[in-house]
Structures are given as C-alpha cells and as structure tokens.
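Because the structure is predicted, anything quoted here is derived from the model rather than measured.
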Amino acid sequence: QVQLVESGGGLVQAGGSLRLSCAASGRTSSIYAMGWFRQAPGKEREFVAAVSWSGGSTAYADSVKGRFTIARGNAEKTMYLQMNSLKPEDAANYYCAARRYPLPTPQDHEYDYWGQGTQVTVSS
C-alpha cells in the first residue's frame with residue numbers, strides 16, 4: 001500500500017504564496033506520476049496540476065497556469081506545488097494523488113492513491 005501525506009497548507013492573503021508538499025511512503029516503487037487536486041465546499045473536486053515520473057512532463061489547469069508550479073522533489077516520490085499570486089477562489093482542500101503509470105493526467109479516476117488533504121485559505 002502507498003500512503004500520501006500533504007503539508008504546507010494554511011491561511012494567506014490574496015496575492016500571497018504557499019508551497020504545498022506531498023511525501024509518499026510504503027510501496028512507493030508502484031507509483032509514478034503524481035498530481036494535485038482541490039475541492040472547495042459545495043464544489044466538485046477539480047484538477048490542479050500533475051507531473052510525470054521523471055519530472056519532465058507537467059500539466060496544469062487553465063485557472064492556475066502561470067501562477068502555480070508543480071515539481072518533483074530531490075527525494076524519491078516527493079512532490080511540491082508552489083502557489084503564487086493566490087486568489088480567494090484558490091481556497092480549497094488540496095489533495096495529493098499518485099498513479100501507477102508514468103504520465104500525468106487531469107482525470108482523477110486515473111489516480112490510484114490519495115492523501116487526506118491540506119487546507120488552503122485565501123483571505124481577500
């Protein structure tokens with residue numbers, strides 16, 4: 001089994017920045033591409049960004065392009081999401097996800113493992 005643990009959420013003013021982290025443990029040899037999703041109260045979960053196993057391929061939701069950057073960490077099976085120029089509409093619970101295939105995808109049903117989430121609150 002694989003466990004994913006997110007960290008780095010918190011309260012930030014609009015225009016500010018946060019850096020989310022995701023660390024995988026357990027049978028990490030079975031996971032490859034990783035991604036971030038978010039869900040705000042009363043809304044469906046939505047794709048934010050994803051990165052390939054090598055880190056060379058990334059994908060972003062249009063709403064975060066140019067503001068968020070996803071990257072693999074130096075440690076194996078770690079991942080980061082640098083969020084800049086945050087807006088109130090970015091507020092949500094952010095989830096780390098991992099899949100058993102090397103390429104990133106925005107489809108949440110194609111991810112095999114999920115973390116518990118970390119809350120991001122953006123004040124206007």
Peer 1: Between Ala33 and Pro102, which heavy-atom pair has the shortest distance, and what is it?
Peer 2: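 Scanning both residues completely, I find the closest heavy atoms to be CB-O, 3.6 Å.
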
Peer 1: Under a 4.5 Å cut-off applied to non-hydrogen side-chain atoms, are Ser17 and Asn84 in contact?
Peer 2: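 Yes, side chains in contact.
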
Peer 1: Could you grab the distance from atom CZ of Arg38 to atom OG1 of Thr118, nearest 0.5 Å is fine?
Peer 2: 14.0 Å

Peer 1: Report the distance from atom CD of Glu110 to atom CG of Leu103, rounding to the nearest 0.5 Å.
Peer 2: 10.5 Å

Peer 1: When clusters are formed by joining ILVMFWY residues with side-chain heavy atoms under 4.5 Å apart, either directly or through shared neighbours, do Phe47 and Phe68 land in the same one?
Peer 2: no

Peer 1: Would you find more than 12 non-hydrogen atoms of other residues, nucleotides or ligands less than 6.0 Å from Glu89 atom CD?
Peer 2: yes

Peer 1: Under a 4.5 Å side-chain heavy-atom rule over Ile, Leu, Val, Met, Phe, Trp and Tyr, are Tyr113 and Val48 clustered together?
Peer 2: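 Cluster IDs for Tyr113 and Val48 match.
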
Peer 1: Mind checking whether Met34 and Arg99 have side chains closer than 4.5 Å, heavy atoms only?
Peer 2: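 No, side chains not in contact.
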
Peer 1: Examine Phe37 and Val120 and state if one hydrophobic cluster contains both, with Ile, Leu, Val, Met, Phe, Trp and Tyr joined whenever side-chain heavy atoms are less than 4.5 Å apart.
Peer 2: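 No: no chain of side-chain contacts under 4.5 Å links Phe37 to Val120.
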
Peer 1: Give a yes or no on whether Val12 and Leu20 share a hydrophobic cluster (residues Ile, Leu, Val, Met, Phe, Trp, Tyr; joining criterion: side-chain heavy atoms under 4.5 Å apart).
Peer 2: yes

Peer 1: Please check this pair: side chain of Lys77 against backbone of Thr28, looking for a donor-acceptor N/O pair closer than 3.5 Å.
Peer 2: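 Pair found, side chain donor or acceptor close to backbone of Thr28.
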
Peer 1: For Ile31 versus Val2, what's the shortest heavy-atom pair and its separation?
Peer 2: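 In terms of heavy atoms, the two residues are closest at CG2-CG2, 3.9 Å.
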
Peer 1: Is it true that Lys87 and Asp90 have a side-chain N and a carboxylate O under 4.0 angstrom from each other?
Peer 2: no

Peer 1: How far does OH of Tyr80 sit from OG1 of Thr69, to the nearest 0.5 angstrom?
Peer 2: 14.5 Å

Peer 1: For the side chain of Arg67 and the backbone of Ser85, is there at least one donor-acceptor N/O pair under 3.5 Å apart?
Peer 2: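 Such a contact is found between Arg67 side chain and Ser85 backbone.
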
Peer 1: To the nearest 0.5 Å, what is the distance between CG (Leu81) and CZ (Arg19)?
Peer 2: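 Answer for the CG-CZ pair, Leu81 versus Arg19, is 10.0 Å.
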
Peer 1: In terms of relative ring orientation, are Trp114 and Tyr95 parallel, tilted or perpendicular, with 30° and 60° separating the classes?
Peer 2: perpendicular

Peer 1: On a heavy-atom basis, which atom in Ile70 and which in Met79 lie closest, and how many Å separate them?
Peer 2: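 It is CD1-SD, 3.7 Å.
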
Peer 1: With rounding to the nearest 0.5 Å, note down the distance linking OG in Ser30 to CD in Gln1.
Peer 2: 8.0 Å

Peer 1: Once rounded to the nearest 0.5 Å, what's the spacing between atom CD of Gln119 and atom CD of Glu6?
Peer 2: 11.5 Å

Peer 1: Does Tyr111 belong to the same Ile/Leu/Val/Met/Phe/Trp/Tyr cluster as Leu4, with side-chain heavy atoms less than 4.5 Å apart forming each link?
Peer 2: no

Peer 1: Less than 4.5 Å apart, any side-chain heavy atom of Ser52 and any of Pro104?
Peer 2: yes

